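These notes concern the structure reproduced below.
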Amino acid sequence: MTATTPVLAAREIDFTYGRGEDFRVEGWSASFPRGAVTAMTGPSGCGKSTRLYLLSLMLRIRCGVIELDGRRVDDLPDAARAQLRAQRFGFVFQDAALDASRSVIDNILEATLYRGQRAGDHRARALELLDALEVAVPPGRKPGQVSGGQGQRIATCRALLGRPDIILADEPTGNLDPASAAVVLGALRRHADDGGAVVVVTHDPGVAAWADHRLELDAHR
Ligand code: ADP
Ligand code: MG
């Protein structure tokens, strides 16, 4: 690994869902440096979310290589991939994907379970994040009782909690008014300033312009 090795890279990766008649990722390469925000844009259905799932090792590629710190990781066994996912990645799903049965604060603390940490040790930071992202809901509330925009910010708190090397955020400002969007983008920017690699899928040209790097996908690839 050298100073210029990207923390995350995809090299010539191929992927299809099932037999993949209508959608495929073919020979896609991209790299993501530390300390920067990369915006991924492209029309609906072009595979933005799918690429985030591939990069975070949730789906298995068919060909090519995914590297973390210059080391190949796509071919590791499932348990090792899950470990890396828990240790190295924070993911903000497009629909927030909060666990409806657990409180807001327990959702934010969820990643500590997969990292083998004690949730109690991270509770203060979770509350700080809720405050910093201006979520303004009682931490004991259930996700069914928060708005879409609040849910999205709670999901962002969850991704930020463990200060992961890489944050992949799927349209994290999609449900937000401009003031709340600015709060979320500010938090993602601080994460990059602290040395993280941040990837944001967005349809918002303003967000794309704000990012340090832009990765534009076209309709069929
Ligand atoms: P985007 O995020 O750019 O809107 P997606 O990555 O969600 O696009 O989807 C890319 C394509 O893959 C779409 O044609 C979608 O219908 C298809 N797709 C997404 N998820 C699945 C799945 N689980 N099984 C089969 N096809 C899927
Ligand atoms: Mg999507």
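Numbering of ligands and ligand atoms starts at 1, following listing order. Values in this document were obtained by computation on a predicted structure and should not be read as measured data. One-based numbering along the sequence shown. All heavy atoms count here, side chains included; hydrogens, waters and symmetry mates do not.
- Under the 4.5 Å side-chain contact rule for hydrophobic residues, L68 and L54 share a cluster.
- Looking only at side-chain heavy atoms (C-beta outward), L215 and L217 come within less than 4.5 Å of each other.
- Proximity of a side-chain donor or acceptor of D74 to a complementary backbone N or O of I61 within less than 3.5 Å is not detected.
- R214 and T38 share no donor-acceptor pair across their side chains, judged by distance under 3.5 Å alone.
- Applying the side-chain hydrogen bond (donor to acceptor under 3.5 Å, both in side chains) test to pairs two or more places apart or on separate chains, those with a residue in residues 132-149 are S147-Q150.
- A heavy-atom distance below 4.5 Å is found between the side chains of M40 and V199.
- Pairs passing the ring-ring contact (aromatic ring centres under 6.0 Å, His included) check and including a residue from residues 159-215, sequence neighbours excluded, do not occur.
- Near ligand 1, residues Y17, F23, P43, S44, G45, C46, G47, K48, S49, T50 each place a heavy atom inside the 4.0 Å sphere around the ligand atoms.
- Between D99 and S101, the side chains place a donor N or O and an acceptor N or O closer than 3.5 Å (distance only, hydrogens not considered).
- Listed by chain and number, the protein N, O or S atoms at a distance under 2.8 Å from the Mg ion (ligand 2) are S49 OG, Q94 OE1.
- For the pair R51 (side chain) and C46 (backbone), a donor-acceptor distance under 3.5 Å is present.
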